[in-house]
Colleague: 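Right, I'll just put the structure down here and ask away after.
Heavy-atom basis, side chains included; hydrogens, waters and symmetry copies ignored. Quick note on labels: first sequence line is chain A, next is B, and so on, each numbered from 1.
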Protein chains: 2
Amino acid sequence: MTPVRRGQWQTASDVLMRVSRQPGITRAAVARELRLSTSSATEVTARLRDVRLLTEAPAPSQGRGRPTTVLRAHPKGPVALGLDLRQGSWRSAVVALDGSFVEQQSRRHRSRRSQVVLSNLQKEVERAHRQYGARLRVVSLAAPGTIRDNRLMQAPTLDWAELDLETVTARTGIPLLAGNDATLSGVAEARTGAAAGAGTALHLIVEVGLGGTLIIDGVPAQGASGAGGEYGHVPFGDRTRFCPCGARGCWDLDIDGRALARHLKEAAPDDPYAYAEAVLRRTDRAAARAVAKVVTALGTGIAGLVNAHDPDVVTLGGLAIPLRAAAETSFEQAYLAGLMTFHRSTPPPVLSATHQPDGPLRGAAALALDHLTSEPSIATWAASQ
Amino acid sequence: MTPVRRGQWQTASDVLMRVSRQPGITRAAVARELRLSTSSATEVTARLRDVRLLTEAPAPSQGRGRPTTVLRAHPKGPVALGLDLRQGSWRSAVVALDGSFVEQQSRRHRSRRSQVVLSNLQKEVERAHRQYGARLRVVSLAAPGTIRDNRLMQAPTLDWAELDLETVTARTGIPLLAGNDATLSGVAEARTGAAAGAGTALHLIVEVGLGGTLIIDGVPAQGASGAGGEYGHVPFGDRTRFCPCGARGCWDLDIDGRALARHLKEAAPDDPYAYAEAVLRRTDRAAARAVAKVVTALGTGIAGLVNAHDPDVVTLGGLAIPLRAAAETSFEQAYLAGLMTFHRSTPPPVLSATHQPDGPLRGAAALALDHLTSEPSIATWAASQ
DNA sequence: CCAATTAAACTCGTCCCACGAGCATAAGGT
DNA sequence: ACCTTATGCTCGTGGGACGAGTTTAATTGG
């Protein structure tokens, strides 16, 4: 592989990044955003067409003047495979440079044994590899657990032991980007969802336990080994309560179905998610009180994290949305009361996530596209054309 | 001003960034790190000499081969003014591109009225502006309070109302970068201190209250408006206790001199910092118990933040250092107990900050140098030579 | 229906940076 | 002295970004 001249594909990479982040963007719009002269825009798009990275289609005319073109992924350009591993099922999508899903599918797990599930994912990677050949450049995987250097450290909902995820791509040699599902759904919100345009966004999702992520300029703060974002295990709760994670007083324990059961003096549920949904459907006062307590803990914690991070916006996913909706005023009170005074005049809005079920897949796709549109990746691709 | 050709000074900017981050680096080392050919290195350094950004001095020979040169700031190159505003005094330093302090001074406040103090800072800016003329490119200011868009929102130790800091540079028109002192001392640690080389670092400092910052790849997470890092106001503490910040249960209240006084059942001290120092000098068991309680709260909270952010390293500043030293085992127990299980095999080290008194000034200088060595800034300078 | 207007694409020539190849230089080692 | 080694210097080439000028394709208005 010949070494690449520095800066050679820098502008091309910038252009592709815009295309991937704003699907349907026109050549003229990209040139304006990057402050490219029209001659440079002509030249760079020609080069990108030549190496099968882009195609152009006539754009609907917008008033006077010569019409511009919409930039789209080349039909023979590079693609990424996004995978979303969930408790009962998994999904996959082949994504082109402009963020379009070339194909996607969804399957239920037949067996939940880690061996079986991983081998199914591996088969999907190999199928895509056969179908797309060298066009397949990267695989991005969302998984419901703590991830550290492409290893799944703990996955409470799947009840799996520590696991190396790179087996999924090992035989094909394609680079793998594995990430926590909550982190990736946060990325999706920050890129194209409720937090679009935010410089700093905080995303929190309640399912079994609480996950989340801090996203700065579209990039998640993943920490030293990718395990960042475990906001559920911050000691906002009762210090005498032990958490399965090993720590005490975790916020987690005050938010999800297990907390509702405790407040209702019922037995700890096997499926805290379904239990929480059932409690939300109840109309009795005891249930309402339990929900209000949980929502207060949620609002207080969010306020604390707002103090810590000063985000532009907070987005909520999973059970956090119906929980808040069920006790709107409790939430509002707890949130405002927990903020530092100077935040109260314009508190960061707390919005519902817009990507909901396909957030992790969208986020995985977004990070895969970051990889695809990086300068080294573009240069390598161009050299091979 | 002529528009700058894109990428024109990219490599030059990369070189200067290395020089500013690793003072005393040689030309050959820079070329290796950037994978520059020797011809490119020759060319880029020549260009940088021509526009008065660098000079070269013979480097001490390191074994065989032709000796290389040390890259230094040009004696007539651009400089930044760093300012560190503190409770009882302020400091200033003129910093050259290679991070060297060209001059520095320290003064006590005669009056602590905000008008007087700001006017003194303004005079110092104007003095530097007269002395260095167009060489002075940016002013960076560290201040002990919450800062938002170059406005000081609240400064508890100074007891000032909301204040516009840009008055300090207004008459000279030089860009101002204002930041919280704890944030900036964290930057200093992450760049050249105890957290050097860390991808993700968490810095916490106890003085009156607790401040801190999360630093990712040397860049502090400052949030939407620069107020990020208020870890003291996260609800790790007793929810019934009210904090002057407006929230309740702030971690703050469990850590500093006020907490010690509460545990010792003494009156709330006027100067919590001095009070804490006095308690640390005491040898009675009541004092030791109070310190242990505070240190436990510190360790537990740090563990929670480690769960949330997964840093490579945690650095402590201010009173946190002697507090921990006074109850080492309490700290270690609380820290380990608060971590998620998978962190316990290799918990992030908790180190004492190495920059201590001049952390904020060093951090302010570091961010100022980032500004100076940015490509646009270099290009602008070069165009004016 | 045919200019006039407008926005954007295209062409050409220039500038300048990065780099490979080859040579020169200054140390240490034998 | 002469070799080895690491580095700096010179020269020629290639390529991307861009300014100036031209062309093209739409809307607008008579």
Colleague: Taking atom C1' of D:dT7 as reference, at what distance in whole Å does atom CD1 of B:Ile25 sit?
Modeller: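 Interatomic distance, CD1 of B:Ile25 to C1' of D:dT7: 16 Å.
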Colleague: B:Glu43: what forms a side-chain contact (heavy atoms from CB on, under 4.5 Å) with it, not counting sequence neighbours?
Modeller: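 Scan of B:Glu43 (side-chain contact (heavy atoms from CB on, under 4.5 Å), adjacent residues dropped) gives B:Arg47.
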Colleague: Please confirm whether the shortest side-chain N or O distance from B:Thr38 to OP1 or OP2 of D:dC9 is below 4.0 Å.
Modeller: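 No.
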Colleague: Is the shortest side-chain heavy-atom distance between A:Ser100 and A:Val95 below 4.5 Å?
Modeller: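 A side-chain contact is absent here, since even the closest heavy-atom pair is not under 4.5 Å.
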Colleague: Under 4.0 Å, counting only non-hydrogen atoms across every strand here, what does B:Ser40 touch: a base, just sugar-phosphate, or nothing?
Modeller: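 Here B:Ser40 touches the bases of the nucleic acid.
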Colleague: Looking at C:dC16, does its base get a donor-acceptor pair with the side chain of B:Arg5 below 3.5 Å?
Modeller: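 In this structure, the two groups form no donor-acceptor pair.
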Colleague: Give the rounded distance in Å between these two atoms: CD1 of B:Ile378 and C1' of C:dC17.
Modeller: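 Value for this atom pair: 16 Å.
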Colleague: Could you check how far CD of A:Glu43 sits from C1' of D:dG14, rounded to whole Å?
Modeller: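 Rounded to the whole Å, the gap is 13 Å.
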Colleague: Do the non-hydrogen side-chain atoms of B:Val70 and B:Ile25 ever get within less than 4.5 Å of each other?
Modeller: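 B:Val70 does not reach B:Ile25 side chain to side chain.
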Colleague: Just to confirm, is there a sub-4.0 Å distance from OP1 or OP2 of D:dG8 to any side-chain nitrogen or oxygen of B:Thr68?
Modeller: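 Affirmative; the distance criterion is met.
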Colleague: Taking salt bridge (charged side-chain N to carboxylate O under 4.0 Å, His left out) as the definition, give me every residue that meets it alongside B:Asp14, ordered by chain and number, with sequence neighbours left out.
Modeller: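 A:Arg6.
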Colleague: Determine whether B:Val30 and B:Leu71 make a side-chain contact, defined as any pair of heavy atoms from C-beta on separated by less than 4.5 Å.
Modeller: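 With C-beta onward as the side chain, the pair touches.
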Colleague: Which is more 5' along DNA chain D, the nucleotide nearest B:Ala31 or the one nearest A:Gln62? Just name the residue.
Modeller: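 Closest to the 5' end, via its nearest nucleotide, is B:Ala31.
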Colleague: For B:Gln8, which contact category applies under a 4.0 Å heavy-atom criterion: base, sugar-phosphate, or nothing?
Modeller: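 Sugar-phosphate contact only.
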Colleague: Run the salt bridge (charged side-chain N to carboxylate O under 4.0 Å, His left out) test against B:Asp358 and tell me which residues pass, sequence neighbours left out.
Modeller: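 Expected list: B:Arg362.
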Colleague: Base, sugar-phosphate alone, or nothing: which one does B:Arg32 contact when heavy atoms must sit under 4.0 Å apart?
Modeller: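 Contact class for B:Arg32: sugar-phosphate only.
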Colleague: When you check the gap from the basic side-chain N to the acidic O, do B:Asp98 and B:Arg21 get nearer than 4.0 Å?
Modeller: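 No, no charged N to carboxylate O under 4.0 Å.
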Colleague: Given atom CD of A:Gln10 and atom C1' of D:dG15, what is their separation to the nearest angstrom?
Modeller: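 Going from A:Gln10 (CD) to D:dG15 (C1'), I get 15 Å.
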Colleague: Can you list everything that forms a side-chain contact (heavy atoms from CB on, under 4.5 Å) with A:Arg66? Sequence neighbours excluded, please.
Modeller: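 Partners of A:Arg66 by the side-chain contact (heavy atoms from CB on, under 4.5 Å) criterion come out as none, since no residue qualifies.
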Colleague: Whole angstrom is fine here: how far is it from CG in B:Leu36 over to P in D:dT7?
Modeller: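 About 13 Å, once rounded to whole Å.
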Colleague: Answer yes or no: are there more than 12 heavy-atom neighbours, outside A:Arg49 itself, under 6.0 Å from its atom CZ?
Modeller: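 Atom CZ in A:Arg49 is packed in, count exceeds 12.
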Colleague: Could you please name the option among C:dC19, D:dT7, D:dA17 that lies closest to any side-chain atom of B:Ala28?
Modeller: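 Given the options C:dC19, D:dT7, D:dA17, the side chain of B:Ala28 is closest to D:dT7.
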Colleague: Checking all strands, does A:Ser39 fall into the base, sugar-phosphate, or nothing category for heavy-atom contacts under 4.0 angstrom?
Modeller: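 It contacts base atoms.
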Colleague: Toward the 5' end of DNA chain D, which comes first, B:Thr42 or A:Arg35, by nearest nucleotide?
Modeller: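 Taking each residue's closest nucleotide, the earlier one in sequence belongs to B:Thr42.
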Colleague: Does a nitrogen or oxygen in the side chain of B:Arg27 sit under 4.0 Å from OP1 or OP2 of D:dC9?
Modeller: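 Yes, within the criterion.
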Colleague: Please tabulate, one pair per line, each protein N/O and nucleotide N/O from nucleotides 24-28 of chain C that are separated by under 3.5 Å, including the distance.
Modeller:
from   : atom 1 : to      : atom 2 : distance (Å)
C:dT25 : O4'    : B:Arg66 : NH1    : 3.4
C:dA26 : N3     : B:Arg66 : N      : 3.4
C:dA27 : N3     : B:Gly65 : N      : 3.4

Colleague: Which residues in residues 45-58 of chain B have a heavy atom closer than 4.0 Å to any atom of DNA chain C?
Modeller: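 Those residues whose heavy atoms fall under 4.0 Å from DNA chain C, taken from residues 45-58 of chain B in numerical order, are B:Arg47.
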Colleague: Considering only NZ, NE, NH1 and NH2 on the basic side and carboxylate oxygens on the acidic side, decide whether A:Arg18 and A:Glu33 come within less than 4.0 Å.
Modeller: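 Salt bridge flag = yes for A:Glu33 with A:Arg18.
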